[in-house]
S.K.: 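One structure, as C-alpha cells, below. Some questions next.
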Amino acid sequence: MHNSKIKNSVAITTLLSALFFCSIIVLASLSPLADSGPHVNTFGSVGMWLSLGMILFLYLLPLAFYLLGMHFLKFVMAAFCSIGLLIAASTLLLMPALFLFGLEDFSGNLASIIGVMISCLGLLITNIVWFVAAFKRPSAAVQESV
C-alpha cells in the first residue's frame, strides 16, 4: 500500500516537472532570447519540437520502467532531476540579470520573460518536492504495519 503511494507521488511530480520543463522551452522560444543566436529554437521550429520530444522521452521512459517495478531507475530520474534543478536555478537567475543589465532587448516581451521565470520557479519547486517524494523514508508506524 505504502509503496503504491510513493509510486503515485513520484509519477505525479515527474509529470508535473515535465510539464514545467516543456513550458520553459515553449515560453523561451517566444521570448527575445529566441533571437539571441543562430542555434536558438524559435516557436514552432523543428528544433523546438525536437527539444520537447527529447525532454518528454527522457522523462517518460525512466518513469514508465520505474512504475513497472525497476526501482533503481529512481536514481537515474534523480540525476535528470538534478540537471533540471540546475537549469531552472540558472535560468531563474539569468533572466533578471539580462533584463537589469540591458544585455537583451526585452521591450514588449516582458510577459514571456515573466512566464519563463514562473515556469522555472515551478520546475524548481516541483523538483525539490520530487526528491522529497522519491526518497522520503517511511515512518516507524508505517514500517511496523508492513
Side-chain angles (χ1 to χ4, degrees), residues 1-37 39-100 103-104 106 108-143 145-146:
M1 176 71 179
H2 182 67
N3 196 22
S4 68
K5 287 177 84 173
I6 291 174
K7 277 187 174 182
N8 287 341
S9 61
V10 167
I12 290 169
T13 53
T14 300
L15 293 174
L16 192 57
S17 179
L19 177 73
F20 277 121
F21 208 113
C22 287
S23 69
I24 290 170
I25 297 294
V26 171
L27 290 171
S29 71
L30 291 169
S31 74
L33 292 175
D35 300 325
S36 64
H39 301 292
V40 180
N41 295 331
T42 56
F43 184 75
S45 69
V46 173
M48 185 198 83
W49 291 111
L50 287 173
S51 295
L52 290 175
M54 183 181 69
I55 288 166
L56 289 174
F57 179 78
L58 291 174
Y59 267 96
L60 298 179
L61 186 68
L63 177 63
F65 284 118
Y66 171 75
L67 292 175
L68 289 173
M70 298 177 156
H71 297 288
F72 68 90
L73 283 172
K74 180 169 52 172
F75 298 103
V76 173
M77 293 178 0
F80 289 145
C81 191
S82 298
I83 293 168
L85 279 169
L86 182 64
I87 290 170
S90 61
T91 305
L92 192 59
L93 294 173
L94 180 69
M95 297 303 273
L98 290 174
F99 180 72
L100 291 175
L103 299 175
E104 289 290 330
F106 291 132
N109 293 314
L110 193 57
S112 64
I113 299 302
I114 292 172
V116 170
M117 291 176 62
I118 290 171
S119 293
C120 284
L121 188 61
L123 180 64
L124 207 73
I125 292 168
T126 303
N127 284 0
I128 291 169
V129 170
W130 185 92
F131 274 107
V132 172
F135 294 108
K136 179 175 63 170
R137 296 215 179 254
S139 65
V142 172
Q143 285 180 348
S145 67
V146 175

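For clarity, every value in this text was computed on a predicted model and none was experimentally measured.
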S.K.: Measure the spacing between CG of L27 and OG of S119 and express it to the nearest 0.5 Å.
M.R.: 5.0 Å

S.K.: Any non-hydrogen side-chain atom of L124 less than 4.5 Å from a side-chain atom of C120?
M.R.: no

S.K.: Just distance, no hydrogens or angles: give the donor-acceptor pairs under 3.5 Å from side chains in residues 68-92, sequence neighbours left out.
M.R.:
unit_1: K74; atom_1: NZ; unit_2: A134; atom_2: O; d: 3.0
unit_1: S82; atom_1: OG; unit_2: A78; atom_2: O; d: 2.9
unit_1: S90; atom_1: OG; unit_2: L86; atom_2: O; d: 2.9
unit_1: S90; atom_1: OG; unit_2: I87; atom_2: O; d: 3.1
unit_1: T91; atom_1: OG1; unit_2: I87; atom_2: O; d: 2.8

S.K.: Scan for side-chain hydrogen bond (donor to acceptor under 3.5 Å, both in side chains) pairs involving residues 59-70, sequence neighbours excluded, and state none if there are none.
M.R.: S17-Y59

S.K.: Let me confirm one number: the CH2-CG distance from W130 to L15, rounded to the nearest 0.5 Å.
M.R.: 12.5 Å

S.K.: Can a donor-acceptor pair be found, under 3.5 Å and without considering hydrogens, that links the side chain of S23 to the backbone of F20?
M.R.: yes

S.K.: Quick check for you: to the nearest 0.5 Å, what is the distance between L123 atom CG and I128 atom CD1?
M.R.: 9.5 Å

S.K.: Would you compute the distance between atom CG of L50 and atom CD1 of I55 and round it to the nearest 0.5 angstrom?
M.R.: 11.0 Å

S.K.: Output all residues satisfying side-chain contact (heavy atoms from CB on, under 4.5 Å) with A11, sequence neighbours left out; order by chain, then residue number.
M.R.: L63, L67

S.K.: Calculate, to the nearest 0.5 Å, the distance between atoms CG and CD1 belonging to L121 and I125 respectively.
M.R.: 4.0 Å

S.K.: Measure the CG-CD1 distance between L52 and I24 for me, rounded to the nearest 0.5 Å.
M.R.: 11.5 Å

S.K.: Looking at every non-hydrogen atom in both residues, tell me the closest pair between A28 and V116 and how far apart they are.
M.R.: N-CG2, 3.6 Å

